[in-house]
Amino acid sequence: ALRPREFGNDKTESHDVVRNMTTTDDKEAIRLKIPARFLLVPGAALVVGTTIGLVRGSRKASLRFLAENAHRPPTTVQGWYFYNKTKNYKVIYGGLKGAGTDAAKLTTVALGWVGMEEGLERLGWGGLREVGAGVGVAGVFSAVYRLGWKRTGRTMLLGLAVGSSLKGMGWGRERLEEAVGESRSN
């Protein structure tokens, strides 16, 4: 039964409210289960893409700066100082720009790979998810970059090879885990 609010009863009422808030039904709680590969594969692709882009972008910016300024080398000590300072800033900027671009591209491909694997898993083709993801990502890559038929075939073969090698490594890991389990039980 509800009682009129009394002075001095605030602590018990607020305690009851907190208790009721913390003991909600499990049916109302939202729980998300995200597979580890959804985080690991794109995360690794981000790190690798950043590293590759940083190296390639900085090298490209360095060569571009040298090519643009080859006809007018500095003649004074102060000129050499500013020349190298400007070159270093342009190299850093080019490296960071390349890192962002390559990291975004490689992470997008990795997200596509993981998404195709999960899609094939949900369709019931879990046994071929690595191979299907390899071929599927190769097909999307070929379409996005508008490759010719010959290069599309090569790209699809490369996707098939990568997917098959991942499937083989997974099979090998399962066999090793079984062997370790049997040796521990004996």
Which pairs would a plain distance check flag for residues 124-146, meaning a side-chain donor or acceptor within less than 3.5 Å of a matching protein atom at least two apart in sequence or in another chain?
unit_1	atom_1	unit_2	atom_2	d
Arg129	NH1	Glu121	OE1	2.8
Ser142	OG	Ala138	O	2.9

Give every donor-acceptor pair under 3.5 Å between a side-chain atom in residues 152-162 and any protein atom, sequence neighbours left out.
unit_1	atom_1	unit_2	atom_2	d
Thr152	OG1	Leu147	O	3.3
Thr152	OG1	Gly148	O	2.7
Thr155	OG1	Arg151	O	2.7

Show me, pair by pair, the donor-acceptor contacts under 3.5 angstrom made by side chains of residues 51-61, not counting sequence neighbours?
unit_1	atom_1	unit_2	atom_2	d
Thr51	OG1	Val47	O	2.9
Ser58	OG	Leu54	O	2.7
Ser58	OG	Val55	O	3.1

Quick one: side chains of residues 104-114, donor-acceptor pairs under 3.5 Å with protein atoms, not counting sequence neighbours, listed by atom name and distance.
unit_1	atom_1	unit_2	atom_2	d
Thr107	OG1	Ala103	O	2.7
Thr108	OG1	Ala104	O	2.7
Trp113	NE1	Glu117	OE2	3.1

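Partners of Glu182 according to the salt bridge (Lys or Arg N to Asp or Glu O under 4.0 Å) rule, which considers only residues two or more places apart in sequence or in another chain, do not exist here. Annotation: side-chain hydrogen bond (donor to acceptor under 3.5 Å, both in side chains) contacts of Glu178 (sequence neighbours excluded): Arg175.
For residues 64-75, the side chain to side chain donor-acceptor pair (under 3.5 Å) pairs, not counting sequence neighbours, are Asn69-Arg72. Applying the side chain to side chain donor-acceptor pair (under 3.5 Å) test to every pair with at least one member in residues 163-172, sequence neighbours left out, gives no pairs at all.
Through side-chain heavy atoms spaced under 4.5 Å, either directly or across other Ile, Leu, Val, Met, Phe, Trp or Tyr residues, Leu46 is tied to no other residue. Summarising the hydrophobic clusters (Ile, Leu, Val, Met, Phe, Trp, Tyr; side-chain heavy atoms under 4.5 Å, direct or chained), the residues clustered with Leu40 are none. Through direct or relayed side-chain contacts under 4.5 Å between Ile, Leu, Val, Met, Phe, Trp and Tyr, Phe82 connects to Tyr81. Hydrophobic cluster membership for Trp80: Phe65, Leu66, Tyr83 (Ile, Leu, Val, Met, Phe, Trp, Tyr linked by side-chain heavy atoms under 4.5 Å, directly or transitively).
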